[in-house]
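Reviewing the structure listed below.
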Amino acid sequence: MKEPESEPRIEVMAGIGGGLVCGIAVGLSALFLGESIRESQENAAWRASVESAHSIPGLTVAGHDIKGINFSGKSLHNADFTKADLRGARFQDADLTGASFKGADLREANLIGANLQDASLEDADLGRASLHSANLSHAIVTGPKTSLSGAKVNPRTCWPKALTREQLDELLNGVAVEKYVDEKSGRTLTVREDLKEDDVFGGQQAPSCTLWKRGERNFPEWETH
């Protein structure tokens with residue numbers, strides 16, 4: 001007796017199997033797409049809240065896209081920027097007291113007038129960063145990878161009290177010292193005048209910083225008259 005042909009049945013089963021695989025793949029793709037959209041929406045909401053807030057104590061940026069966020073003028077006490085990519089970031093006049101920048105990339109960052117008291121810059125790369133009139137009193141600026149190569153400072157940049165003169169000189173080796181101009185009085189303080197004041201090349205050392213007293217911005221004597 002001739003056996004019935006089995007090809008049509010095999011083809012039907014193959015078709016069912018292929019449909020199941022295709023359906024599973026489509027379902028997984030939809031699931032991943034939905035998760036991606038959700039994460040994107042959450043990150044967008046997080047960015048918006050950071051950009052609009054003035055005070056964000058304890059901010060943690062790990063796992064978030066912070067490229068392009070302007071942190072200037074914000075109060076960011078004890079913020080955690082550990083190992084963050086902060087190249088070209090804007091922190092002008094920000095209060096970064098106690099913040100952690102351990103291992104962070106701060107090359108070409110704008111830290112003009114920033115308050116970095118008690119902050120950790122251990123192993124941070126501050127190459128070509130702008131530190132004019134910034135407060136680093138009590139900050140941790142040591143570490144085998146800490147670099148200020150090409151960083152820009154002025155006669156009113158305030159350096160940590162804990163550093164010996166030798167350590168400070170080594171830290172400031174390679175920085176670019178620019179003149180300080182007081183906007184209110186119009187007085188200009190040159191590098192030569194800076195050295196005459198306290199023999200520190202590239203700023204002042206706490207507690208003898210003219211612009212900063214006990215972690216607060218102070219006015220130079222000529223601005224008070």
Side-chain angles (χ1 to χ4, degrees), residues 43 46-47 49-160 163 168 170-181 183 201-204 206 209 211-212 215 217:
N43 190 61
W46 182 87
R47 281 182 64 94
S49 65
V50 171
E51 289 173 338
S52 62
H54 173 71
S55 179
I56 321 172
L59 173 69
T60 299
V61 302
H64 294 284
D65 177 17
I66 57 175
K67 194 71 175 178
I69 294 179
N70 187 358
F71 295 102
S72 296
K74 295 185 184 295
S75 178
L76 301 167
H77 285 213
N78 303 311
D80 188 358
F81 292 98
T82 301
K83 296 183 179 180
D85 183 355
L86 296 164
R87 287 172 292 179
R90 292 168 289 175
F91 289 99
Q92 184 165 344
D93 296 321
D95 189 348
L96 299 161
T97 302
S100 173
F101 291 95
K102 291 181 180 179
D105 189 345
L106 284 156
R107 284 175 292 175
E108 300 184 350
N110 180 352
L111 290 154
I112 296 173
N115 186 0
L116 289 154
Q117 173 146 324
D118 299 317
S120 175
L121 293 160
E122 182 180 357
D123 293 332
D125 188 350
L126 290 136
R128 301 183 301 281
S130 297
L131 289 161
H132 308 77
S133 305
N135 177 30
L136 291 97
S137 58
H138 305 295
I140 300 173
V141 293
T142 55
K145 296 181 180 179
T146 301
S147 174
L148 272 78
S149 178
K152 291 169 282 187
V153 302
N154 68 9
R156 288 296 178 256
T157 303
C158 184
W159 299 104
L163 295 178
L168 184 59
E170 182 179 356
L171 181 70
L172 297 180
N173 184 32
V175 303
V177 185
E178 301 179 351
K179 63 184 180 181
Y180 169 74
V181 180
E183 295 180 356
F201 176 75
Q204 299 173 311
C209 298
L211 283 184
W212 298 93
R217 185 68 180 258

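Remember, predicted model here, so these are calculated numbers, not experimental data. The analysis underlying the following values was restricted to heavy atoms, covering all of them including side chains, and did not include hydrogens, waters or symmetry mates.
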(Q) Could you work out, with salt bridge (Lys or Arg N to Asp or Glu O under 4.0 Å) as the rule, every residue matching E122, not counting sequence neighbours? (A) none
Q. Does the N115 side chain pair with the main chain of G215, one donor and one acceptor, at a distance under 3.5 Å?
A. yes
Q.
Rounded to the nearest 0.5 Å, what separates atom CG in L111 from atom CG in L126?
A. 6.5 Å
Q) So do D65 and W46 actually touch side chain to side chain, heavy atoms under 4.5 Å? A) no
Q: Step through the shown structure and confirm whether more than 12 heavy atoms of other residues, nucleotides or ligands are within 6.0 Å of NZ on K179.
A: no
Q) What is the ring orientation for F81 with F101, classed by angle as parallel under 30°, tilted 30 to 60°, or perpendicular over 60°? A) parallel
Q | Listed partners of E178 passing salt bridge (Lys or Arg N to Asp or Glu O under 4.0 Å), at least two apart | A | none
Q) Heavy-atom distance under 4.5 Å between the side chains of C209 and N135, does that happen here? A) no
Q. Taking all atoms of both residues into account, what is the closest heavy-atom pair of A99 and L76, and its distance?
A. CB-O, 4.3 Å
Q: May I have all residue pairs that pass ring pair (Phe, Tyr, Trp, His ring centres under 6.0 Å) and include part of residues 102-143, sequence neighbours excluded?
A: none
(Q) Give me the atom names and distance for the closest heavy-atom approach of V153 to G202. (A) CG2-O, 3.7 Å
Q) For K102, does the NZ atom have more than 12 heavy-atom neighbours from other residues, nucleotides or ligands under 6.0 Å away? A) no
(Q) Quick check for you: to the nearest 0.5 Å, what is the distance between S133 atom OG and Q204 atom CD? (A) 9.5 Å
Q | Distance-only side-chain donor-acceptor flag, Q117 / S137, under 3.5 Å | A | yes
Q: Output the distance between atom CD1 (I56) and atom CG (D95), rounded to the nearest 0.5 Å.
A: 12.5 Å
Q) Between E51 and K74, what is the shortest heavy-atom contact and its length? A) O-NZ, 3.0 Å
Q. Within the side chain of R47, is there an N or O that forms a donor-acceptor pair under 3.5 Å with the backbone of K67?
A. yes
Q.
Would the distance check show the side chain of W212 and the main-chain N or O of T157 forming a donor-acceptor pair, the cut-off being under 3.5 Å?
A. no
Q | Of all pairs that satisfy side-chain hydrogen bond (donor to acceptor under 3.5 Å, both in side chains), the ones with a partner from residues 143-152, not counting sequence neighbours | A | none
(Q) With rounding to the nearest 0.5 angstrom, report the CG to CG distance, D125 to D105. (A) 5.5 Å
**Q.** Spatial distance of atom CD1 (I112) from atom CG (N154) [nearest 0.5 Å]
**A.** 8.5 Å
Q: Could you tell me whether the side chain of V61 reaches within less than 4.5 Å of the side chain of V50, counting heavy atoms only?
A: no
(Q) Using the side chain to side chain contact (heavy atoms under 4.5 Å, CB included) criterion, which residues pair with L163? Sequence neighbours excluded. (A) V141, T142, P160, Q167, L168, L171, Q205
Q) Does the side chain of T82 pick up a donor-acceptor pair with the side chain of S100 at under 3.5 Å? A) yes
Q) Between atom CD of E170 and atom CG of L148, what is the distance when rounded to the nearest 0.5 Å? A) 11.5 Å
Cut-off 3.5 Å, no hydrogens considered: what does the side-chain donor-acceptor table look like for residues 84-92, sequence neighbours left out?
{"residue": "D85", "atom": "OD1", "partner": "R87", "partner atom": "N", "Å": "3.3"}
{"residue": "D85", "atom": "OD1", "partner": "R87", "partner atom": "NE", "Å": "2.9"}
{"residue": "D85", "atom": "OD2", "partner": "R87", "partner atom": "NE", "Å": "3.4"}
{"residue": "D85", "atom": "OD2", "partner": "R87", "partner atom": "NH2", "Å": "2.6"}
{"residue": "R90", "atom": "NH2", "partner": "G68", "partner atom": "O", "Å": "3.1"}
{"residue": "Q92", "atom": "OE1", "partner": "N110", "partner atom": "ND2", "Å": "3.0"}

